[in-house]
Amino acid sequence: MASSFSTNVKPCKLALIQLAVTADKNANLTNARTHVLEAASHGANLIVLPECFNSPYGTNFFPEYAEHLKDGPSVKALSTMAKDANAYLIGGSIPERDPTDDKVYNTCTVYNPQGELIATHRKVHLFDIDVPGKIRFQESETLTAGNKLTHVDTEFGKVGVGICYDIRFPEPAMIAARQGCFIMVYPGAFNMTTGPLHWELLQRARAVDNQIYVAACSPARDLSAGYHAWGHSTVVGPAGNVIETMDEKQGIIYADLDLTKMTEFRQSIPLYNQRRFDLYADVSKATP
Ligand SMILES: NC(=O)CC(=O)C(=O)O
């Protein structure tokens, strides 16, 4: 099966904004705006914020900070930011309350340069882990899982979106790549146990298996908070190479994404024409 992504698109400059998150939602939104406009002033036209950038990361905080997408302050602020930045904005994630069932979701909202909300992704795989003596976290105590995969059409090509724990599952990235996405973007907040072990490894794995770009954007580490994020927001190329990464502090990294180079790499190692779907299933065809 040949690769189905289009190369007839503009190159783009990606920015990952590793924000310092506080307990003050308005301050978080103001900080996000400052950094989004800074990224845009450096030429970024695809800008990404971290998981849970408007609230502390913790199961007790999700219901307290949750808001409706229709008229919540975060969606309004993000839409204005995207418009003022004249850029696509992958708005990290926020705790979302659905007015129809009152359930709370960990939701990424995506905006075009006109500030229109063009996609939403609710975290599909909830972060429920228990590593004895290290970390126990059960998102399902207060969150409900989403039930769809998310691919967003942009003028730079199709973008796949997942949130944090979603990266541990190879299928969504595999499906996105085979359905024409050139990048998977994961707002995410790994921690001091799983970050050093798996953060970069998983990004490189998703990239090299699928010959796509992968970007993961974390909050900055705050040792006074209950959850210590690993940081290290990173962009990985279609060869599995780390293009750009950073430490645990607040900051921005940039990467020029070039689909021509991606095509050349795919032609030199042509996995897309060599798959043996006579021996194993094509998960992208089995999507409900
Ligand atoms: N926070 C997450 O959703 C995931 C995580 O930290 C991990 O997989 O490790």
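Order of listing sets the numbers, starting from 1, for every ligand and every atom in it.
- In this comparison of Phe190, Phe137, Tyr186, the heavy atom closest to atom 7 (C) of ligand 1 sits on Phe190.
- Nearest non-hydrogen protein atom to atom 5 (C) of ligand 1 is Phe127 CE1, 3.3 Å.
- Among all non-hydrogen protein atoms, the one lying nearest atom 9 (O) of ligand 1 is Thr194 OG1, 2.6 Å.
- Of the protein's non-hydrogen atoms, the one nearest atom 4 (C) of ligand 1 is Cys164 SG, 3.2 Å.
- Aromatic ring pairs are classed by plane angle as parallel below 30°, tilted from 30° to 60° and perpendicular above 60°; the pair Trp230 and His232 is parallel.
- Here is the list of ligand 1 atoms found below 4.0 Å of a heavy atom in Tyr227: 1 (N), 6 (O).
- With Glu51, Lys123, Glu139 as candidates, the residue nearest to atom 3 (O) of ligand 1 on a non-hydrogen basis is Lys123.
- No hydrogens or angles considered: nothing links the side chains of Asn191 and His228 as a donor-acceptor pair under 3.5 Å.
- Looking only at protein heavy atoms, the nearest one to atom 8 (O) of ligand 1 is Arg168 NE, 2.6 Å.
- Each of the atoms 6 (O) of ligand 1 lies under 4.0 Å from some heavy atom of Asn191.
- The closest non-hydrogen atom to atom 1 (N) of ligand 1, taken over Trp230, Tyr57, Tyr165, Trp199, comes from Tyr57.
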(Q) Evaluate Arg136 against Glu141 for salt bridge (charged side-chain N to carboxylate O under 4.0 Å, His left out), listing each step before the verdict. (A) CA-CA 12 Å; Arg136 181 179 185 280; Glu141 283 170 357; 3.5 Å; yes

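- A perpendicular orientation is assigned to the rings of Tyr227 and Tyr57, their planes being inclined by more than 60° (bins at 30° and 60°).
- Taking every non-hydrogen atom of Ala189 and a distance limit under 4.0 Å, the qualifying atoms of ligand 1 come out as 1 (N), 6 (O).
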Q | Intermediate values then yes/no, salt bridge (charged side-chain N to carboxylate O under 4.0 Å, His left out), Asp282 and Arg275 | A | CA-CA 9 Å; Asp282 177 356; Arg275 289 215 158 84; over 6 Å; no

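- Side-chain contact between Asp84 and Leu37 is present, with heavy atoms from C-beta onward closer than 4.5 Å.
- Under the 30°/60° scheme for interplanar angles, the aromatic rings of Phe169 and His125 are found to lie parallel.
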